[in-house]
Amino acid sequence: MSILNFFSRNRSAPVARERLQLLLAHERTLAGKSDLVALLQREVLGVIARHIAIDPDKVIVKLDETGHVSTLEIDIEVPEGALARG
Amino acid sequence: MSKVMVVTSGKGGVGKTTSCASLGAALAQAGRNVVVVDFDVGLRNLDLVMGAERRVVFDLVNVVQGDAKLPQALIRDKRIDTLSLLPASQTRDKDALTEEGVGRVIDELREKFDWIVCDSPAGIDKGATLAMRFADLAVVVANPEVSSVRDSDRIIGLLDSKTRRAESGEAMEKHLLLTRLDAARAARGEMMKVEDVLEVLAIPLLGTVAESPDVLTASNLGCPITLHSPTSPAARAYTAAARKLLGETVTVTPAREKRGFMSLLFGKKAVLQ
């Protein structure tokens, strides 16, 4: 190790630790819920598809927990004109 | 009372098989009757690391499917007579294992051995979940590196939800074994320290094993390191870890690397547990 290296030390370990702490805090809240999200996505899609032709990939289900608030977000993209036809 | 222990990690290449062979050998050297079981069906390697690759006749899949009796498949180690190996099949895939079949084999092994050490395949699918399914305790092997730590966290989650023990509401005993450490780089802040990983994963530390050429030599020769070079730092770490598993109080000797002159002068000393 040269003197130059010594003064410009690569201290990436603290960054690694912080990134992991943030990421895992998020991932732990999702553990066990992935099945629920898939189930909701399938059933919501089933209901809508009975009335409107939609793209299965355009149904997005998100579960989120921040502090004391849990949110369930369902985002469905409907093709142009599909609602007008009724 | 026999114990079923799974050695697992999620990520591949972190040292599961090496750790499984070394802990198994160390437990056997401490006088326990031990079997190491390879669950990596299709990609077996425990036989190779244990130096028994030319003695495999029947395997775990044969026993699970009833094509061979357990004693026909067990390979007794030539160096330690209380150590046996149950190899995985090399030509089948993981779907050849069933939960019911694996459960039956584990029950039969419990009658013969004090310790049943299961070498889990990488990943989180069938092979890995079956390897942990009947475990009483788990050793999670990790390297101080972001992807390994993240995968370990995922595996810890599965140990706490998908094992028999977890499903029956009992606590799953989990231990962290950190391998491939480089204390000098950790001291320079280039690599996460033991306490960084412990803080993130929050399970108790079983031991630390420094990156070392001795480990590669031992696997080149097909001899667990605790037998091949028992005085090497890695072997001492595994022996200490085995004694800890046996309930002895062991002061964990930190994994050390030779330190360069500059790091001796300026590098902060790595504080290890």
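Every chain is numbered from 1 and lettered A, B, ... according to where its sequence line falls, protein lines coming before strand lines. Everything numeric here is computed off the predicted structure, so don't read it as measured data.
Heavy-atom distances place the side chain of B:Asp153, and not its backbone, under 4.5 Å from chain A. With a 4.5 Å cut-off on non-hydrogen atoms, B:Met191 touches chain A through its backbone but not through its side chain.
Of all the heavy atoms in A:Ala13 and B:Met192, the pair that sits closest is CB-N, 3.6 Å. B:Gly189 approaches A:Pro14 most closely through the heavy-atom pair O-CD, 4.0 Å. Here the shortest heavy-atom pairing between B:Val146 and A:Leu20 reads O-CD2, 3.6 Å.
How far CZ of B:Arg185 is from OG of A:Ser12: 8.0 Å, rounded to the nearest 0.5 Å. Interatomic distance, B:Arg150 CZ to A:Arg19 CZ, rounded to the nearest 0.5 Å: 9.0 Å. Atoms CG and CG, from B:Leu201 and A:Leu24 in turn, are 7.0 Å apart once rounded to the nearest 0.5 Å.
A salt bridge links A:Arg17 with B:Glu199: at least one charged nitrogen is closer than 4.0 Å to a carboxylate oxygen.
A 6.0 Å sphere centred on NZ of B:Lys162 holds no more than 12 heavy atoms belonging to other residues, nucleotides or ligands.
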